[in-house]
Colleague: 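Take a look at this one; I'll ask things after.
Numbers for residues simply follow the sequence, beginning at 1. Fair warning: this is a prediction, and the values are worked out from it, not measured in the lab.
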Amino acid sequence: MAADIDEKTDRYGRLLAEALDEATIAPPEGTPMAAAAADCREMAESYLSDGNHFRENDDLVNALASFSYGHAWLDAGARVGLFDVPTDGHLFTVDGSP
């Protein structure tokens, strides 16, 4: 059975917030890659804020989209090495394989 949009929106909002808590910038400070990581993190944080705003205003479609886009910024950054993230669990699509 398809997830209810209300439940799914809340779940994706929690997922993004938890992923932001777990992702740390991997490249050395002051490098172009660290700046790129900071930009990705800022985008994810902005989408979390936007999603929360939409959620508070009962705009579930835009809230869900914002949470999903925010997580995509983090997940893509993790896959290219911009963030150190857990390699197990449900937060990111990376694994511990070399």
Colleague: Are M33 and W73 connected in a single hydrophobic cluster, I mean Ile/Leu/Val/Met/Phe/Trp/Tyr linked by side-chain heavy atoms less than 4.5 Å apart?
Modeller: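 Different hydrophobic clusters.
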
Colleague: Under 4.5 Å between any side-chain heavy atoms of L16 and L74, yes or no?
Modeller: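 They are in contact (side-chain heavy atoms under 4.5 Å apart), so the answer is yes.
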
Colleague: Does the distance from a Lys or Arg side-chain N to an Asp or Glu carboxylate O, for E45 and R41, drop under 4.0 Å?
Modeller: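 A salt bridge links E45 with R41.
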
Colleague: First locate atom OH of Y12, then atom OG of S66, and finally report the distance between them rounded to the nearest 0.5 Å.
Modeller: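 Taking OH in Y12 and OG in S66, the distance rounds to 14.0 Å.
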
Colleague: Would the distance check show the side chain of D59 and the main-chain N or O of R55 forming a donor-acceptor pair, the cut-off being under 3.5 Å?
Modeller: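 Not at all, since once roles are kept as given, no pair shorter than 3.5 Å links the two residues.
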
Colleague: Between L15, L91, L48, which is the residue that forms a side chain to side chain contact (heavy atoms under 4.5 Å, CB included) with L20?
Modeller: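 For L20, the side chain to side chain contact (heavy atoms under 4.5 Å, CB included) test succeeds with only one of L15, L91, L48, which is L48.
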
Colleague: Describe, in one word, how the ring planes of H71 and F92 are oriented to each other, choosing from parallel (under 30°), tilted (30 to 60°) and perpendicular (over 60°).
Modeller: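 Ring orientation of H71 relative to F92: parallel.
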
Colleague: Near E7 CD, under 6.0 Å, is it more than 12 heavy atoms from other residues, nucleotides or ligands?
Modeller: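 Atom CD in E7 is crowded, with more than 12 foreign heavy atoms closer than 6.0 Å.
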
Colleague: What I'd like to find out is whether the side chain of I25 reaches to under 4.5 Å of the side chain of F83, using heavy atoms alone.
Modeller: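 Counting from C-beta outward, I25 and F83 do come under 4.5 Å.
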
Colleague: If hydrophobic clusters are built by linking Ile, Leu, Val, Met, Phe, Trp and Tyr wherever their side-chain heavy atoms come under 4.5 Å apart, do F67 and Y69 end up in the same one?
Modeller: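 The answer is no; the residues belong to distinct hydrophobic clusters.
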
Colleague: Check whether any side-chain heavy atom of F54 lies under 4.5 Å from a side-chain heavy atom of L64, and answer yes or no.
Modeller: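 Not touching, per the 4.5 Å side-chain cut-off.
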
Colleague: Tell me whether V94 is reachable from L82 by hopping between hydrophobic residues (I, L, V, M, F, W, Y) whose side-chain heavy atoms are closer than 4.5 Å.
Modeller: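 Yes, because L82 and V94 connect within a single hydrophobic cluster, where side-chain heavy atoms sit under 4.5 Å apart.
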
